[in-house]
Structure formats: structure tokens, C-alpha cells
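Quick notes on the structure that follows.
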There are 2 protein chains.
Amino acid sequence: MTYTKVFGALADPTRRHIFEALRDEPKSVQQIAATQPVSRPAVSQHLKVLQQAHLVNVEAVGNRRLYSIKREGLEVLRSYLDNFWSDALGAYAAEITRQMNTN
Amino acid sequence: MTYTKVFGALADPTRRHIFEALRDEPKSVQQIAATQPVSRPAVSQHLKVLQQAHLVNVEAVGNRRLYSIKREGLEVLRSYLDNFWSDALGAYAAEITRQMNTN
DNA sequence: CTTTTGTGTAAGTCATTACTTACCGTAAGT
DNA sequence: ACTTACGGTAAGTAATGACTTACACAAAAG
């Protein structure tokens with residue numbers, strides 16, 4: 001369920017670009033929308049999805065709302081990768097692991 | 001573009017389950033379909049998507065087609081995570097890194 | 001050779017989604 | 001107070017997607 005949210009959030013190119021735009025510094029909705037080819041409400045909707053995936057944080061500052069990267073979402077992703085091979089490590093998984101170390 | 005394919009492929013729960021079902025050993029379409037709540041053609045279609053995302057391999061063996069995990073897709077994912085912070089590391093990214101090491 | 005098994009693909013349907021414009025409330029500037 | 005700036009939400013639309021059944025074809029079995 002959480003995986004679905006995170007993968008789904010990053011699956012859309014526009015949404016991924018918005019997410020990446022926040023990497024260097026927190027930004028307001030307008031600041032983000034100015035660099036994106038979609039309307040301002042569209043950006044708001046994307047930010048909502050990113051928020052539900054625990055990929056961004058919001059902080060209301062005066063008139064504006066500053067969005068920033070939140071670690072939690074990406075950590076879910078990393079744990080998926082880390083757990084993929086370790087869970088119930090069978091013969092085939094071991095074989096793959098061997099390939100990973102070899103190549 | 002590649003990111004879109006991989007994230008999109010793993011965003012669907014059914015497709016993710018199919019992918020995970022291949023972790024322990026290669027399986028035929030029927031073997032997979034037997035454990036999944038969707039029809040056999042649906043599984044075929046999911047496998048096609050996973051293939052295009054470089055997440056699975058196919059090998060025709062006699063009558064059947066054995067699907068197996070392919071490393072490439074997940075490696076794309078891992079590199080996305082790894083490059084996320086390191087690319088154009090700004091002040092804010094450094095701050096996040098500090099948080100990651102602190103918490 | 002005929003039948004069965006295994007799988008991909010076509011076509012159609014229903015739900016989801018990414019987008020737009022229009023509208024509303026709230027905070028800041030004059 | 002009035003106006004402008006900021007941003008969330010509603011409503012509608014066009015595209016995408018996940019699923020089904022029906023069909024086609026190759027390999028295995030009889």
C-alpha cells in the first residue's frame with residue numbers, strides 16, 4: 001500500500017520533476033509552477049500526491065506554503081530494494097546475488 | 001523515461017506481486033497466474049510491462065516461457081536513489097544529508 | 001493427424017488519472 | 001476597507017490503464 005503510493009507518485013514525469021525541483025531548496029507552489037509546463041492547480045494536485053506518499057513536507061509561511069523534500073518516502077523505496085533479495089533468500093535469489101557480485 | 005517505466009511498472013500492486021513471485025525461481029505464465037487473482041492474459045500483459053521496464057527476462061523453453069528477475073530494472077531504481085542527493089549537491093541537500101546522519 | 005497445453009494479442013469496458021478553468025478563502029500591501 | 005497575491009478545491013474532460021472474453025498459433029501428447 002505504501003509502496004503503491006511511493007512508486008505511483010514517482011511514476012509520473014511531471015510529478016517527478018516537481019519532486020526533484022525541491023531537492024536543492026524548499027519552494028512555494030508558484031515557484032515550482034513557474035518552471036513547469038502545467039498550470040498552477042495541476043502543481044498543487046501533484047504536491048498533494050507527493051505528500052500522501054510521504055515524499056514532501058509543507059510549511060505554511062505567511063501567505064505562502066513552502067514545500068520541501070521529506071526523507072520518509074525515499075527510505076521506503078530503499079528498504080524495498082534492500083529487502084527484495086534478503087527476504088526468504090532462496091536458491092535463485094542467491095544466484096542473482098552471485099550475478100550482482102560478478103558483473 | 002526509463003524511470004517512468006520502472007516506477008510505473010512497480011506502482012501496480014498486482015504487477016509488483018507478480019514481480020516478487022519470480023524472486024525465488026523462474027516461473028511460467030501459468031504458474032504465476034495460478035497464485036494471482038487475475039486472469040492468465042492479464043498476467044501476460046503485466047509481464048510485458050515488467051519486461052519493458054527491464055525488470056524481468058524471458059526464456060522460451062519448449063512449450064512454455066520462463067520469466068525470471070532481471071537486475072537492470074532494480075539497478076535503475078537504486079541509481080535514482082543514489083544520484084538523488086549527490087547531483088548538484090546544494091545547501092539544502094547537505095542539510096538533508098545531515099538529518100539523515102543525525103536521526 | 002488430431003487434440004491438448006501454453007501463451008501472446010485483439011477488442012471492448014469500466015475505473016483512474018492528469019489536466020484544464022472557475023471559484024473560494026486567507027494573508028499582505030496600499 | 002480594498003485590492004492583489006497565494007494556493008487549495010470543485011467540476012468537467014480526454015487520455016491512460018487494468019481487466020475481461022475471444023481468438024490465433026506453436027509445441028507436446030495421444
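Per chain, numbering begins at 1; letters A, B, ... match sequence-line order. Computed from heavy atoms alone, side chains included, the values below leave out hydrogens, waters and symmetry copies.
Atom NZ of B:Lys5 and atom C1' of D:dT16 are 15 Å apart (whole Å). Protein atom CD of A:Gln31 is 10 Å distant from nucleotide atom P of D:dC6, rounded to whole Å. Whole-Å rounding puts the B:Glu59 CD to C:dG8 P distance at 14 Å. When rounded to the nearest whole Å, the span between NE2 of A:His17 and P of C:dC19 equals 12 Å. Here D:dA18 presents its P atom at 12 Å from CD of B:Gln52, a figure rounded to the nearest Å. Whole-Å rounding puts the B:Asp12 CG to D:dT16 C1' distance at 13 Å. In this structure, A:His46 atom NE2 and D:dG7 atom C1' are separated by 16 Å, rounded to whole Å. Taking atom CZ of A:Arg15 as the reference point, atom C1' of D:dT16 lies 13 Å away to the nearest angstrom.
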Protein-nucleotides 8-10 of chain D N/O pairs closer than 3.5 Å?
residue : atom : partner : partner atom : Å
D:dG8   : OP1  : A:Arg65 : NE           : 2.7
D:dG8   : OP1  : A:Tyr67 : OH           : 2.7
D:dG8   : OP2  : A:Ser44 : OG           : 2.3
D:dG8   : N7   : A:Arg40 : NH1          : 2.7
D:dG8   : O6   : A:Arg40 : NH2          : 2.9

Would you tabulate the pairs of protein nitrogen or oxygen atoms and nucleotide nitrogen or oxygen atoms of nucleotides 25-30 of chain C closer than 3.5 angstrom?
residue : atom : partner : partner atom : Å
C:dA27  : O4'  : A:Asn63 : OD1          : 3.4

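Across all non-hydrogen atoms, the minimal contact from A:Arg16 to B:Thr4 is NH2-OG1, 2.9 Å.
Using a 30° and 60° split on the angle between ring planes, A:Phe84 and B:Phe19 fall in the parallel class, below 30°.
Side-chain atoms of A:Pro13 and B:Phe7, non-hydrogen and from C-beta on, never get closer than 4.5 Å to each other. Within the 4.5 Å cutoff, side-chain heavy atoms of A:Gln36 are placed close to those of A:Ile18. Residues B:Val29 and B:Tyr67 form a side-chain contact, since some pair of their non-hydrogen atoms from C-beta on lies under 4.5 Å apart.
In this structure, the side chain of B:Arg40 does not engage the main chain of B:Ile32 through any donor-acceptor pair within 3.5 Å.
Residues A:Leu66 and A:Leu47 fall into different hydrophobic clusters, defined by Ile, Leu, Val, Met, Phe, Trp and Tyr side chains chained together at heavy-atom separations under 4.5 Å. Linking Ile, Leu, Val, Met, Phe, Trp and Tyr whenever their side-chain heavy atoms come within less than 4.5 Å puts B:Val56 and A:Tyr80 in one cluster. The cluster map of Ile, Leu, Val, Met, Phe, Trp and Tyr, joined by side-chain heavy atoms under 4.5 Å apart, puts A:Leu77 and A:Val49 in different clusters.
OP1 or OP2 of D:dC19 has not a single side-chain nitrogen or oxygen of B:Ser39 nearer than 4.0 Å. In terms of phosphate contacts, A:Thr14 brings a side-chain nitrogen or oxygen within less than 4.0 Å of OP1 or OP2 of C:dC19.
Sequence order on DNA chain D of the closest nucleotides to B:Val49 and A:Arg64 puts A:Arg64 first from the 5' end.
Here the nucleotide nearest the side chain of A:Gln30, chosen from C:dT7, C:dC19, D:dC6, is D:dC6.
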